[in-house]
Amino acid sequence: MTTITFLGTGAAMPARSYNACFALDMPGLRLLVDAGGGNEILRYLDRADIATESIHDFFITHTHTDHILGAVWVVRKIIANAMSGSYAGQLNVYGNADVIAAVDTICRLTFLKSYYDYGRKTINYVETGEGVTDIGGYSFDFFDVGSENVKQTGFRVGSLAFLGDEGLTERNLDKVSGSAWLICGAFCRYADREIFKPYEKHHNTVLDIARLATDGNIGNLILFHSEDRDIDNRQKLYADEGAGIFGGRIIVPRDLETINI
Ligand SMILES: [Zn+2]
């Protein structure tokens with residue numbers, strides 16, 4: 001069974017949620033995917049009952065603030081765990097070349113030298129180019145998601161496809177078509193485009209994604225990286241916009257919600 005624990009579900013400037021990130025659990029593997037924009041990630045991991053000692057594989061999609069600055073805190077916490085003897089082994093950090101350069105640079109400039117130096121023994125950077133990387137015995141097929149403003153990496157593993165905070169677009173549809181489950185960004189409803197202006201921010205809407213998901217024969221959608229103005233009704237509002245266009249399930253998780261696929 002694959003379990004996805006959404007630590008955060010919000011876009012870059014959330015009001016009522018944490019930035020989009022999650023833990024992916026498959027038998028024998030726990031992969032943290034992104035970490036939001038600050039040290040609040042440590043509190044969210046705690047609330048989700050995910051000990052940092054249990055994280056040995058960590059994938060970061062791209063270098064934007066709301067995905068990478070939390071990663072620096074995860075790295076710092078794990079180095080502290082390792083220094084105190086409570087963390088065994090190494091932390092594999094996966095990402096494209098820009099991500100790895102950014103994490104390493106921020107750590108070097110912002111950590112105590114003793115932490116950074118210890119981290120060189122604890123952190124193992126793995127650059128994910130286009131193509132398959134084995135993580136915990138699973139074949140992760142990494143690809144560029146076709147973002148218009150940053151180099152961003154998504155993946156397919158088994159029946160699951162993931163586009164980072166990018167929506168489903170004509171540029172990435174062929175990379176994820178036929179997947180049983182797709183996790184992608186959906187900034188807001190098409191009905192609310194004048195309020196949230198998704199297209200100005202290189203994001204798109206539930207309606208856009210529902211149409212393309214039908215074209216791409218995608219089974220079910222998990223949408224996140226969304227506005228959170230009406231977070232109590234977001235699931236129903238988004239599902240209603242996609243209904244009638246897309247035949248599969250549309251799930252819009254809340255922070256700390258767990259989904260089994
Ligand atoms: Zn983002």
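All of these numbers come straight from a predicted model, not from anything done at the bench. Because only heavy atoms are used, hydrogens play no part in the values below, and waters and symmetry mates are left out as well, while side chains stay in. For ligands, and for the atoms within them, numbers begin at 1 and follow the listed sequence.
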>> Only to 10 degrees, please: what angle do the NE2 atom of His67 and the OD2 atom of Asp66 make about the Zn ion (ligand 1)?
In response: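 If I round to 10°, I get 90°.
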
>> Less than 4.0 angstrom from a charged side-chain N to a carboxylate O is my criterion; do Arg254 and Asp232 meet it?
In response: yes

>> Looking at Arg234 and Asp230, is there a salt bridge between them, counting it only when a charged N and a carboxylate O are closer than 4.0 Å?
In response: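 No, Asp230 and Arg234 are not salt-bridged.
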
> So, is His225 placed with an N/O/S atom under 2.8 Å from the Zn ion (ligand 1), counting both backbone and side chain?
Replying inline: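 Looking at His225, which is the residue asked about, there is an N, O or S atom under 2.8 Å from the Zn ion (ligand 1).
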
>> Closer than 2.8 Å to the Zn ion (ligand 1): does that hold for any N, O or S atom in His64?
In response: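 Coordinating: no.
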
>> Under a plain distance cut-off of 3.5 Å, with no hydrogens placed, do Tyr138 and Asp57 share a side-chain donor-acceptor pair?
In response: no

> Is the NZ or CZ atom of Arg76 both under 6.0 Å from the centre of the six-membered ring of Tyr115 and within 45° of that ring's axis?
Replying inline: yes

>> Report the atom name of the nearest N/O/S atom of Asp165 relative to the Zn ion (ligand 1).
In response: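 Nearest N/O/S atom: OD2.
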
